[in-house]
Amino acid sequence: MENEAALTYNLDKLYGYVGKEYNVVKEMVGIFIDTVPKQVELMREGLEASDFIQVSKAAHMLKPSLDIFGVDDQYYPIRDIENLVITAENQEYISRLIFDLDMRIQQLVEQLKTDFNFHG
Amino acid sequence: MLSFRIFVVEDDPLFGEMLKYHLSLNPDNEVYLFKTGSDCLKNVYKSPHLISLDYSLPDMSGLEVMRQVKKENSEIPIVIVSGQEDVSTAVTLLREGAYDYFVKDNDVKDRLWNIVKKIRENIQLKNEISSLKEEIGRKYEFRNVIKGNSPSIKQIFSLIEKATKTNITVSITGETGTGKELVAKAIHYNSSRAKKPFVAVNVSAVPRELIESEMFGHEKGSFTGAITRKAGKFEHAQGGSLFLDEIGEMDLQMQTKLLRVIQERELSRVGGNELVKIDVRLIVATNRNMAEEVKKGNFREDLYYRLLGLPIELPPLRFRGNDIIILAKYFVDDFCKENKLPKLSISEAAQKKLMQYPFPGNVRELRAVIELAAVLTDTDQIDDQHISFNSTNASSNFLLEENTLEEYNSKIIRYYLDKYNNNVILVAKKLDIGKSTIYRLLKENKI
């Protein structure tokens with residue numbers, strides 16, 4: 001939990017919900033690691049299949065989770081994805097946003113796995 | 001209260017788990033997490049005390065889930081949690097019966113926590129009210145409150161029992177102090193309406209110009225002073241019983257309106273157009289002879305027959321024989337218990353004195369006499385010197401003693417002499433008799 005200072009994430013809101021007991025926090029981190037990359041995957045698949053409803057739903061699902069983990073820099077990109085997808089405008093731009101989001105999430109997940117000892 | 005059951009319906013795994021964990025911090029909370037609306041609906045039979053419902057679920061909208069839950073159990077409070085701030089959605093949901101609407105932000109957990117606390121308090125209050133009502137029901141088990149063994153009172157028990165089995169209107173007649181309101185309460189609290197309100201109105205105590213508003217309610221602005229809408233006694237008694245005491249005092253205009261409400265089972269508030277359906281059991285009481293009032297034109301005949309229903313005529317205390325002593329002993333015990341006094345007995349002489357008195361004020365008067373006697377005695381017994389009667393109804397005392405005409409005349413003259421300080425001239429003038437008559441009776445020791 002000491003690496004929180006490396007701007008990738010901030011667990012203050014999570015602590016507000018579940019307290020600071022390590023095992024409980026680790027359990028919630030585990031859920032995040034399991035579910036968030038899958039939502040990004042759904043977004044990519046939806047874009048490839050031009051299923052913009054799927055993209056929008058996945059983006060909508062991501063927002064609260066990223067908010068709880070203090071990933072504030074992705075708030076506007078995800079909101080853009082939600083809004084842009086509704087009109088199917090500028091798919092190239094959406095594609096770039098999703099790509100950037102994917103990279104960010106991968107970095108975040110790796111950081112969390114290290115910090116909370118999820119490796120092996 | 002035992003465990004407080006909460007359903008969290010949330011398809012976001014992280015948010016759902018966090019809410020479940022947070023709410024479970026209170027060991028009295030039993031939290032169930034469902035990821036879909038259909039899973040929630042399958043489990044509604046468990047009667048949760050609260051549902052926290054995500055607005056967007058994978059299988060159906062939160063609104064649809066709420067509607068279906070409400071169909072099965074409209075009492076369950078449902079809080080909608082949404083990822084979006086949308087005022088029109090919030091308004092729609094609240095109109096459809098949502099308890100509250102939150103956006104998924106930092107404050108959700110605290111707001112849910114507060115709502116849980118509020119609902120638990122409400123449930124506790126409802127449980128307390130329910131058990132108090134049961135206690136009142138036990139208190140008004142009529143053989144507990146209407147004391148007596150006389151044949152006349154046993155007949156009353158039988159009528160009360162019949163009255164409790166149906167919703168028939170009951171009309172209770174009897175002299176003042178015979179226990180008309182007590183009988184009305186006994187009927188209500190032993191009937192199927194016991195858990196619903198019992199509302200009593202003393203018709204003679206309400207000013208004539210306000211009786212309609214008092215009974216039927218009024219709309220805001222319907223008259224000077226009507227600054228808000230107000231429900232009337234009929235609405236307050238909805239589902240329960242409305243006791244109209246001294247119904248004989250109601251004026252003819254109001255009687256017409258009352259008749260219409262009874263016939264149509266609906267009313268409109270003063271100044272309003274909306275018709276309000278009424279489901280109320282009527283119990284009325286009077287110490288007047290209503291048949292006579294109808295003959296005199298003071299009471300509508302059609303309303304009289306509408307209100308007659310099951311007539312219960314309460315016997316005056318003087319016709320209840322040994323019930324006087326049964327009641328006297330009950331009142332002594334009750335008074336001593338209430339005032340934390342040692343038990344008192346009633347001497348034979350005191351009992352005899354009580355039995356000889358006609359009690360124009362009936363049971364109410366007996367209670368007052370006994371309580372005063374309990375205060376006056378310095379021993380553990382009430383004796384005849386502690387029993388004093390202070391009836392204002394002197395004339396009916398006279399008549400009940402069954403004297404000769406000469407004896408009555410003497411008593412009347414004596415009464416007036418006492419009242420006017422033995423002023424024979426004044427008394428003669430008041431009674432329109434010669435003062436020589438009074439002097440003669442005084443000389444003959446007949447007064």
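Given the structure is predicted, the values throughout are model-derived calculations rather than measurements. Numbers restart at 1 for each chain; the letters A, B, ... are given by sequence-line order, proteins then strands.
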Asks: Is it true that, when you exclude Lys126(B) itself, more than 12 heavy atoms of the residues, nucleotides or ligands shown sit nearer than 6.0 Å to its NZ?
Replies: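 Result for NZ/Lys126(B): open.
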
Asks: Only pairs of heavy atoms separated by less than 4.5 Å count here; which of Leu62(A), Val24(A), Leu14(A) has the most with chain B?
Replies: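 Option with the top pair count is Val24(A).
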
Asks: Give a yes or no on whether Lys63(A) atom NZ has more than 12 heavy-atom contacts from other residues, nucleotides or ligands under 6.0 Å away.
Replies: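 Count over threshold, so yes.
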
Asks: Would you please go through residues 28-44 of chain A and name the residues with a non-hydrogen atom below 4.5 Å from one of chain B, in numerical order?
Replies: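 Hits under 4.5 Å: Met28(A), Ile31(A), Phe32(A), Thr35(A).
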
Asks: Take atom NZ of Lys230(B) as the centre, draw a 6.0 Å sphere, and report whether it contains more than 12 heavy atoms from other residues, nucleotides or ligands.
Replies: yes

Asks: Could you report the tightest heavy-atom contact between Gly16(A) and Lys109(B), atom names first, then the distance?
Replies: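 Gly16(A) and Lys109(B) have their closest heavy atoms at O-CE, 2.7 Å.
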
Asks: Are the side chains of Ser65(A) and Asp12(B) in contact, using a 4.5 Å heavy-atom criterion?
Replies: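 Yes, their side chains come closer than 4.5 Å.
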
Asks: How close do Tyr21(B) and Val18(A) get, counting heavy atoms only, and between which atoms?
Replies: CE2-O, 3.2 Å

Asks: Against chain A, label Ser24(B) side chain, backbone, both or neither, depending on which of its atoms sit under 4.5 Å from a heavy atom there.
Replies: neither

Asks: Looking at Leu125(B), I'd like to know if its CG atom is crowded, meaning that more than 12 non-hydrogen atoms belonging to other residues, nucleotides or ligands lie closer than 6.0 Å.
Replies: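 Buried by this count: over 12 neighbours within 6.0 Å.
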
